[in-house]
Amino acid sequence: MPPQSGSTSELVPCGGTVHIVGAGPVGLMLTALLQSMEGFSVRLYEKRHEYTRTRMVQLAPYLVADSVESYRADRIDGDNVEAVFDPRELEDGLAFRQSIPADLMDLLREWAQGFCPLNAIERSVSDLIDDRDTSSVERRTAVVTTEEAIGLLEPEDILIDCTGCKSLLRDHLVPGGGDVVPGPNTFEIRLEYALVITFLYGQTYECNEYCKYYKNVGNVNYKFIPAVHRTYYDGAVSHVTGIVNITPEDYAAVPPRCDGEWLRGNFPGVARSMDRFIDKVKQETNGEIVGDLEVVRIPLSLYRARNATSRRWREGGPADHPFATSPVFLAGDSAIGSPYFQSISLGFECAMFLAGLLAQRDLPIRDLLDRYEMFMYKQWLRVYMRSKMIKHNKDVFECVDDRFAVLDKLHIY
Ligand SMILES: Cc1cc2nc3c(=O)[nH]c(=O)nc-3n(C[C@H](O)[C@H](O)[C@H](O)COP(=O)(O)OP(=O)(O)OC[C@H]3O[C@@H](n4cnc5c(N)ncnc54)[C@H](O)[C@@H]3O)c2cc1C
């Protein structure tokens, strides 16, 4: 007799297809991991024809850690990790890393050295998948709709949504959830509205907390704050990315993307703060800006999927719905996102953990879903603690010239 949906003894499906929707960094990483494991047939769907995102991103060194100590090397994240994860869980994660094929591990090591364009990461993994001597990955270029994604599932198949922060399936993972806006499966905290401003500078420029303060002296309303580890000298120019906090009204008045000239004409207050900051950098290091400012308007939110798997469908949905029988997962930005954290690294960790679970063919599906949910919840705690701390420190920094405003923000007990 075939196992009933939700049966505790049903094992991880094998023999079916793993459908991965979204070939951004996380979908590609998951594909490359499953491709190198015995018995997986992967179909990877992506709507873009080319990888064009050139923004410089940094991966966290913990991705290539080879010991629990080096995994926890970051002072703040390290404490959170120690509080949230059992030592055994960390050791299991490191053991999985040791099993990652050398071609993929070499890429991870290279990226963890410094900054790298996002599309270089995407292209390298994409090429690695195509160049490997196996035909177990089929690629399809298509915009997949929710209905199509649900319709893909045959018995024994697995579906993984890697479609990023505007996830295709997140709010469909609870029965009846897809029609409700905002989705009942998304927990979101709006941290702030911001302009993310990037510029290139023709000299070496490194920023620290003192620099953030002294270069903003005089910027009372708008402070340009280089983001955590967001200045990088590539041997020719320094890449500088930072955030200016703006009001919701400002946000509504700015186009999604603009340049320095637009800013000077329309938001002179923000432009003056930027120019003051940059002038001080120039005085110190005798360099010049290369090109113009690149300005992107972003609502900065911290969010997570309350359910990162289809387990609610298995527990209480109509038994004839494909999500009640076939496991569905969210990975990467479709599951968790924070504006201040290294989200690609978190997404890669999800991919590694999920690949490690799927490889355990004797694992009941119920355990598979529960273990992934627990892992994602712990990752969420880690991201939440760090993001809230960064936001709090930013709030204090932004009113550092006003003693009473600072005191207002301090809740000591
Ligand atoms: C300005 C900026 C700077 C950043 N800097 C860093 C950094 O330094 N370090 C870091 O770790 N992270 C950084 N991030 C975040 C990082 O870019 C994301 O976390 C990462 O791209 C998420 O990867 P993902 O694969 O989960 O999703 P995405 O990169 O969003 O990929 C999703 C993929 O799914 C495809 N897709 C979506 N919908 C469909 C559909 N319906 N059908 C088919 N395909 C679909 C998309 O085309 C895309 O290729 C930054 C983000 C921004 C905006």
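For ligands, and for the atoms within them, numbers begin at 1 and follow the listed sequence.
- Electrostatic pairing of Asp66 and Arg97 does not count as a salt bridge here, judged by no charged N lying under 4.0 Å from a carboxylate O.
- Looking at Thr241, Ile344, Leu300 and measuring to atom 16 (C) of ligand 1, the nearest heavy atom belongs to Ile344.
- The ligand atoms of ligand 1 that sit less than 4.0 angstrom from a heavy atom of Arg48 are 47 (O), 48 (C), 49 (O).
- Residue Glu122 has no N or O atom closer than 3.5 Å to an N or O atom of ligand 1.
- Close approach to Gly332 involves these atoms of ligand 1, each under 4.0 Å from a residue heavy atom: 26 (O).
- Residue contacts with ligand 1 for Arg53 involve side-chain atoms from C-beta outward but no N, CA, C or O (heavy atoms, distance under 4.0 Å).
- In summary, the atoms of ligand 1 found under 4.0 Å from a heavy atom of Gly164, numbered by their order in the structure, are 27 (O), 30 (O), 32 (C).
- Between the side chains of Ser126 and Arg139, at least one donor N or O sits under 3.5 Å from an acceptor N or O.
- Neither side chain, Tyr201 nor Thr231, offers a donor N or O lying under 3.5 Å from an acceptor on the other.
- Residue-level proximity to ligand 1 for Ala142 is carried by the backbone, the only part with a heavy atom below 4.0 angstrom.
- Ligand 1 lies less than 4.0 angstrom from a heavy atom belonging to Pro25.
- Look at Glu138 and Arg43 and you find a salt bridge, because one of the NZ, NE, NH1 or NH2 atoms lies within 4.0 Å of a carboxylate O, short of that distance.
- Comparing Lys166, Arg140, Arg55 by heavy-atom distance to atom 52 (C) of ligand 1, the nearest is Arg55.
- Of all non-hydrogen atoms in Val217 and Lys280, the two that sit nearest each other are O-NZ, 3.1 Å.
- Of the N or O atoms in Val26, one or more lie within a sub-3.5 Å distance of an N or O in ligand 1.
- Around atom 32 (C) of ligand 1, the closest heavy atom drawn from Gly22, Ser334, Cys162, Ala331 belongs to Cys162.
- The N/O atoms of Ser343, backbone and side chain alike, include one that comes under 3.5 Å of an N/O atom in ligand 1.
- Annotation for ligand 1: atoms under 4.0 Å from non-hydrogen atoms of Val143 are 42 (N).
- The cationic atom of Arg297 (NZ for Lys, CZ for Arg) lies less than 6.0 Å from the six-membered ring centre of Tyr251 and within 45° of the ring axis.
- Taking the ring centre of Phe329 as origin, the terminal cationic atom of Arg371 falls outside the region bounded by 6.0 Å and 45° from the ring axis.
- Side-chain atoms of Glu46 come within 3.5 Å of backbone atoms of Ala23 as a donor-acceptor pair (strictly under, hydrogens ignored).
- A salt bridge links Asp106 to Arg109: at least one charged side-chain nitrogen sits closer than 4.0 Å to a carboxylate oxygen.
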